[in-house]
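In what follows, a single structure is set out as structure tokens and then discussed.
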Amino acid sequence: MEAATSSRILPHMNFNPNSTSSCPRAKSMSIFFNTSKVSANSTSNDKRSSVARGLCLSRPVQKDLDGRTFCSTGVCTYPSDVFESYSHATEEKIGVMLLNLGGPETLHDVQPFLFNLFADPDIIRLPRLFRFLQRPLAQLISVLRAPKSKEGYAAIGGGSPLRKITDEQANAIKLALETKEVPANVYVAMRYWHPFTEEAVHQIKRDRITRLVVLPLYPQYSISTTGSSLRVLRDMFRDDTYLSRLPVAIIQSWYQREGYIKSMADLIEKELQVFPDPEEAMIFFSAHGVPVSYVEDAGDPYKDQMEECIFLIMQELKSRGINNDHTLAFQSRVGPVEWLKPYTDEVLVELGQQGVKSLLAVPVSFVSEHIETLEEIDMEYKELALESGIVNWGRVPALNCTPSFITDLADAVIEALPSAMAISTSNTTTEEAENDIVGYAIKMLFGSILAFILLLSPKVILAFRNYIP
Ligand SMILES: C=CC1=C(C)c2cc3[nH]c(cc4nc(cc5[nH]c(cc1n2)c(C)c5CCC(=O)O)C(CCC(=O)O)=C4C)c(C)c3C=C
Ligand SMILES: [Fe+2]
């Protein structure tokens, strides 16, 4: 396997994460959202279309069954006259939407943040028949889990650093794009806390963006992360005239990009030097887990992508003469179901028992510092490792605004631009919308009654014991 330069990109809103090359058909969808806009002084002098055109032309070009061209790397291209006519018709205003999870900024935010998270049907996947229980369940679980989560956030200063770091990344990407003569507005769209995706979308509309690239800040695709944000976006785009006509390109995953792999290898190489005997240290990749059912039943590509990502990082390190042992484990499991194995805490104990003395932890599923690096790895897992016999402990910092990484993300955006395509318009009728509202009200009523009964039942509280300390 070789680290490719490109990302897995889909024009407009085809949400199949495994689809890497053929150009999907425009699907009916709509949008309405939220964002934090990074100050943009790119209003009138946006340069453009030459950047969008041509980029893919240096890659192997093939044709799909409908005669449209696409790059074998996965970036769709369209006949150049599409871009010509587009560039003549309107002045281009490029937008980049960064998708991220969001985190509570104060301890007061923790419970409502957890509610938003557990109310997501991509986080707690209930059978269709029981979907009406989603919000009452989210209320119950968020209340039960909040004390444990608050402890964690209190230990890292009283809130998540995610908003600040993501804003910094947005600014850095904007600057990198400007340097490459592709001025763009960059918007932060969080899934579970401010600035919500709805805010970002609203701002994009106000700014009259004419071409949008959606870039998740998760290197690997999971139904629970990128998939969830894209579902929300698709729902918003479905009903909105402006958004459904906006050319959009979606970068689904980018863990295999050379710039990312090299940036990760740089961080690991540097951190290994801190050990008394760098060659002896085991490289311990710790990824955020997902329930096994996501991978085995729902076809989440997350585990495969994670394993490929680690292979590529190790391959890069080997090419630099670094041949340390390595292993991958999954952290942060929540709730009563089985998660991807092996579990980080169990592996740490086993490695200690096996006599491993030096260990370098590498968080690999996320590119910013957050509660699970600053609290779970730096505090809980470190303590566990030292208790288990590991003597020398190190941790690779998150990429955050590492220049080589930011430059690579900017390149990913530029490569995606030519594949942006408009989404077709919605066919939702007023009657359907009214039915939706009535159905929603009925579900909320029954759900609330059930939640009230559940909250009074100690047995139910026990059933959810794994969500709480
Ligand atoms: C690739 C990254 C992530 C995956 C996959 C993921 C899946 C996932 N997460 C939960 C439950 C929780 N996640 C929480 C915080 C959290 N999760 C991620 C990333 C992924 N989650 C990040 C970056 C963060 C931290 C944000 C921050 O504030 O710094 C939390 C809250 C914290 C806690 O109480 O532990 C929960 C809960 C599930 C259930 C899931 C997959 C189904
Ligand atoms: Fe999570």
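Whatever order the structure lists ligands and atoms in, that order sets their numbers, starting from 1. Positions are given from 1 along the sequence.
Ring pair Trp339/Phe330: centre-to-centre distance not below 6.0 Å. Checked against a 6.0 Å centroid threshold, the rings of Trp393 and Phe284 do not count as neighbours. Taking the centre of each ring, Tyr302 and Tyr294 stay at or above the 6.0 Å mark.
In Ser224, the part holding a heavy atom less than 4.0 Å from any atom of ligand 1 is the side chain. Within the 4.0 Å heavy-atom criterion, the part of Leu117 lying near ligand 1 is the side chain and not the backbone. Residue contacts with ligand 1, taken as heavy atom pairs separated by less than 4.0 Å, involve Ile123 via backbone and side-chain atoms alike. Only the side chain of Pro291 comes within 4.0 Å of ligand 1, counting heavy atoms alone; its backbone N, CA, C and O stay farther away. Counting heavy atoms under 4.0 Å from ligand 1, residue Val290 touches it through the side chain alone.
Under a 4.0 Å criterion applied to the non-hydrogen atoms of Ser149, ligand 1 contributes the atoms 33 (C), 34 (O). In summary, the atoms of ligand 1 found under 4.0 Å from a heavy atom of Gly103, numbered by their order in the structure, are 28 (O).
The heavy atom nearest to atom 35 (O) of ligand 1, out of those in Lys148, Arg145, Glu372, is found in Arg145. Across Trp339, Phe366, Tyr218, heavy-atom proximity to atom 40 (C) of ligand 1 is greatest for Trp339.
A donor-acceptor pair shorter than 3.5 Å can be found between the side chains of Glu308 and Tyr255. For the 3.5 Å distance criterion, the side chains of Asp207 and Tyr187 qualify, holding a donor opposite an acceptor.
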Residue pair His326, Ile313: steps toward the side chain to side chain contact (heavy atoms under 4.5 Å, CB included) verdict: CA-CA 11 Å; His326 75 281; Ile313 295 172; over 6 Å; no
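Tyr343 is not listed as a side-chain neighbour of Val349, based on a closest heavy-atom distance of 4.5 Å or more.
Residue contacts with ligand 1: Thr225 is placed with no nitrogen or oxygen under 3.5 Å of a nitrogen or oxygen of the ligand (distance criterion only).
Regarding atom 24 (C) of ligand 1, its nearest protein heavy-atom neighbour is Leu101 CD2, 3.5 Å.
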